Amino acid sequence: MIAQVIVDVAAKQTDRVFEYHIPKELTDVAVGSRVVVPFGRRKVQGFVVGISETTSYTGKLKDLLVVIDELPPLTPELIALSKTLADKIFSYRITILQSMLPRVMKANYRKILVPLTDEIKENTLFKGEPLDLNEVSDLETIVKIKKLIKNNQAKIEYLVENKAKKKQVAAYLLTKTRTEYQDILGGIRTTAKNQRALLNNIVEKYNEYPKLGSTIESELGISSSTLRAAEKKGWLLKKEQEIYRNPLKDFESNASKHSVRLNSEQLDALNSIGTSIKEKEAKTFLLEGITGSGKTEVYLHAISTALEQKRNALMLVPEISLTPQMVKQVKERFGDNVAVLHSGLSEGEKYDEWRRIRRGESQVVVGARSAIFAPLKNIGLIVIDEEHESSYKQNDTPRYHARDVALLRSKFHNCPVVLGSATPSLASRARAQKGRYKLLRLTKRANQKSLPKVDLIDLKTVEFAGGQFDLSIPLVDAIKEKLAKKEQVILLLNRRGFASFMLCRNCGFVLRCPNCDISLTLHKDTGQMQCHYCGHKEPIPRKCPNCQSEKIRFLGTGTQKVQEELETLLPDVKILRMDVDTTRRKGSYKKILDSFGNHQADILLGTQMIAKGLDFPNVTLVGVINADTALSLPDFNSSEKTFDLLTQVAGRAGRAEKTGRVMIQTYNPENYAIKLAQSQDYEGFYQKEMQVRFQGNYPPFFYTTLITITSKNEQSAAKEAFVIKRKLMLELHAPTIILGPTPSSVAKIKNQYYYQILVKYKYEPKLHDLLHQIQDDAQLAQKRGLNIYIDNEPERIM
DNA sequence: AGCACGCCGACT
DNA sequence: GTCGGCGTGCTC
């Protein structure tokens, strides 16, 4: 038998199947198996993508060396999916296969030098151990090693190592009958207190054994040394047992059958979805529901329907709203059937959750983008919550969009996909218009509450509080009023740090990052100027580095500065700040939200991570400190992003009985995105924005592909970009628009210059092959220090 | 990718 | 004569 293998070498020439003979001992190889194969002189990891009787290869086939896992980690579905997807997004197939698995399953490669004779073993190079060649860099040793190899005294071995560790715990089994233990107990000294406690426990609770070592220790207050002694005496037998790390241990898993009653709109939506589940239709629904309309309830009911049909369900949520609150909700409804996959878990925890899914031990999977590859079988429903979120598109290779993958999987499983949002992406909403998706609308708030009242504050005319130009008097008054009633406030400012740039008022100098084309942000907590792209740090200047003037100002207010201003204006108020800087540590995210939820703080001040999914009943005021930050970005979808953000954050106010209020500070109160966000009129925004996109020849009227060329040398990046453009111009025809090459809006990041070309097209059958060609050429260009990236349907084209 | 092979200039 | 620089080509 012959196995078709994709090897773990991400390169153009190796991005194809290599065939291997399956030796008799390895009978458990299947499509989806992870294997180790000889490849040239090396050994590499690979994935079996096919098995056949014959081969057309004329050379001598090598044998498969190892099958790594008992259960093939990938299903035939995922193997097939990897091929379709790799082609679609111009990625190597192995890159896709790797990203379908938890990171710990990526192989580690090592090269070691093994001594071949006993006397050489004593050589100072080895010290009894094989020598790790990755750690050898000095010339002298290299010469020595070459000599040894030449004289046949040592040889190089290639190792493929597995990082994945299964968590083991010690369990103790009993070895004797109850009466035998009674006899032992009678025979030991009364002073051996701990041993007596243990034996007493065994006699009394004989049937509870085997027990975990940690359980015995904590129950009886004895230490591991007592257990070790008992094991030595043969009373107990220690056995290492594999357990799953439990990332959900903080949540009670009392699967309660209770569920909220749905209103008629929700029921209609649920019926449509339910019918599709039962009829096994690969249909896509767009569930457009205003904030608070109870989309989540519809999802949960639909998941129940799938489970009743003995089928499984996959639900994606944006990383940022994969809050403990959300997990809790799902967990309470479906109990231990739920597996969760997101970046808050350790690598080990992710691996364990993933294995539970693979073994078919969970029926519901909730996770962020990459969970779309969960090895769930028999999928009856796929839900994508907040479908407009740009985080569903991966920003680096492989640049897949979870929505596209969902649609592919839905076809395979014949199951519906539900895309839900209060502010659907224009692309999805337009598809619903055309009838490619079925539009389901929820127009009423589930709790009958009216939408919060939204006020715009014109920063051009308003007066400010406290001498700074960040917090207007009306906003501060409203905050005071709410806090006086013991209610809570959420404030959004989409910019972290203290001030986003340093400006010299004498010479106009702006302090920039030496590695990137961007200004440095002042961080007061660390007392440094930081680059938000490459992490470069330097001290805060006291004088202008250019003209030595002391008239320097720090402008562009960030969250740290607003926190300071609030603390001055409202001295007794407790403020929590939530941004990348305060949530870097594992668990700090949950901690901040918990403490705000318990009303240990009055104001939650944060960047856009606070805009999504949070549900705090006591929050009655949401303030947006500057609505213009996202709007000023020169991108085709900046209006959409602004509208989304404002609508989402407005939805955080007045979730329970109390009516909410929203105040948006802006310099552009006449802007349509801001005005329509004020009235929370998604349909109105959709109509207006479609006109704008139509006039600008932007998506969804055109398909787009972005080609980015980077190099440490600006000229060569630009030159290569023009070469590529010429190639495109020759092959593509008139209605297609080719923009650029232009430098990216941040023209330099980490000392790499970025040039880009944007292709906008309606119908261009040649483009796909052409882009594959460009990608193939990219490998040659790489030797000249050039990197070429192709991004199908980019989220950002600046 | 990573490794070997092969061809050319420099040095004990 | 041989060591090591890099361009070229292959991996079942």
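Keep in mind that what you see is a predicted model, and the values were worked out from it rather than measured. We name chains A, B, ... by the order of the sequence lines, and we start the count at 1 in each one. Heavy atoms only: backbone and side chains are in, while hydrogens, waters and symmetry mates are out.
The separation between Tyr92(A) atom OH and dA1(B) atom P is 7 Å, rounded to whole Å. Atom NZ in Lys60(A) sits about 12 Å away from atom P in dC12(C), given to the nearest Å. We find that CG of Leu61(A) is positioned 12 Å from P of dT11(C), with the value rounded to whole Å. What separates CD1 of Ile94(A) from P of dA1(B) is a distance of 14 Å, to the nearest Å. Phe39(A) has its CZ atom 17 Å from the P atom of dG9(C), to the nearest Å. We find that CG of Asp15(A) is positioned 12 Å from C1' of dA1(B), with the value rounded to whole Å. Regarding Arg16(A), its CZ atom lies at a distance of 8 Å from the C1' atom of dT11(C), rounded to whole Å. Between Lys12(A) atom NZ and dC10(C) atom C1' the separation is 13 Å, expressed in whole Å.
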| For DNA chain B, the dot-bracket pattern of Watson-Crick and G-U pairs whose distances stay under 3.5 Å, | for other-strand partners | |||||||||||.
N/O donor to acceptor pairs below 3.5 angstrom from side-chain atoms of residues 25-35 of chain A, sequence neighbours left out:
unit_1   : atom_1 : unit_2    : atom_2 : d
Ser33(A) : OG     : Ala30(A)  : N      : 3.0
Ser33(A) : OG     : Ala30(A)  : O      : 3.1
Arg34(A) : NE     : Asp69(A)  : OD1    : 3.0
Arg34(A) : NH1    : Met105(A) : O      : 2.7
Arg34(A) : NH2    : Asp69(A)  : OD2    : 2.8

Please list every donor-acceptor pair under 3.5 Å in which a side-chain atom of residues 56-63 of chain A meets a protein atom from a residue at least two apart or in another chain.
unit_1   : atom_1 : unit_2   : atom_2 : d
Lys62(A) : NZ     : Gly40(A) : O      : 3.3
Asp63(A) : OD1    : His21(A) : ND1    : 2.8

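Listed here is the closest heavy atom pair of Val44(A) and Tyr109(A): CA-CE2, 3.6 Å.
The OG atom of Ser99(A) lies 6.0 Å from the OH atom of Tyr400(A); values are rounded to the nearest 0.5 Å.
By the salt bridge (charged side-chain N to carboxylate O under 4.0 Å, His left out) test, Glu53(A) is found to be paired with no residue, residues two or more places apart in sequence or in another chain being considered.
dT11(C) has no base stacking with the ring of Phe18(A) when judged by centroids under 5.5 angstrom apart and an interplanar angle below 30°.
Shown are Glu386(A), Glu387(A), Glu795(A); of these, the side-chain hydrogen bond (donor to acceptor under 3.5 Å, both in side chains) with Ser425(A) is made only by Glu387(A). Test Lys350(A), Arg356(A), Arg355(A) against Asp352(A) for side-chain hydrogen bond (donor to acceptor under 3.5 Å, both in side chains) and you get one pass: Arg355(A).
Using a 4.0 Å cut-off between charged nitrogen and carboxylate oxygen, Lys766(A) and Asp769(A) do not count as a salt-bridge pair.
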| field | Stepwise salt bridge (charged side-chain N to carboxylate O under 4.0 Å, His left out) check, Asp635(A) with Lys641(A) | value | CA-CA 10 Å; Asp635(A) 219 329; Lys641(A) 295 278 163 259; over 6 Å; no
Distances under 3.5 Å only, N/O to N/O: pair up the protein atoms with those of nucleotides 5-8 of chain C.
none

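Residue Tyr20(A) places at least one side-chain N or O closer than 4.0 Å to OP1 or OP2 of dC12(C).
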| request: At under 4.0 Å between heavy atoms, which parts of nucleotides 2-12 of chain B does protein reach? Answer with one letter per nucleotide, 5' to 3': B base, S sugar-phosphate only, - none. | output: SSS--------
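For the pair Lys748(A) and Tyr754(A), the cation does not sit on the ring face, since its NZ or CZ is not both under 6.0 Å from the ring centre and inside 45° of the axis. Both tests pass for Lys760(A) against the ring of Tyr698(A): distance under 6.0 Å to the centre and angle within 45° of the axis.
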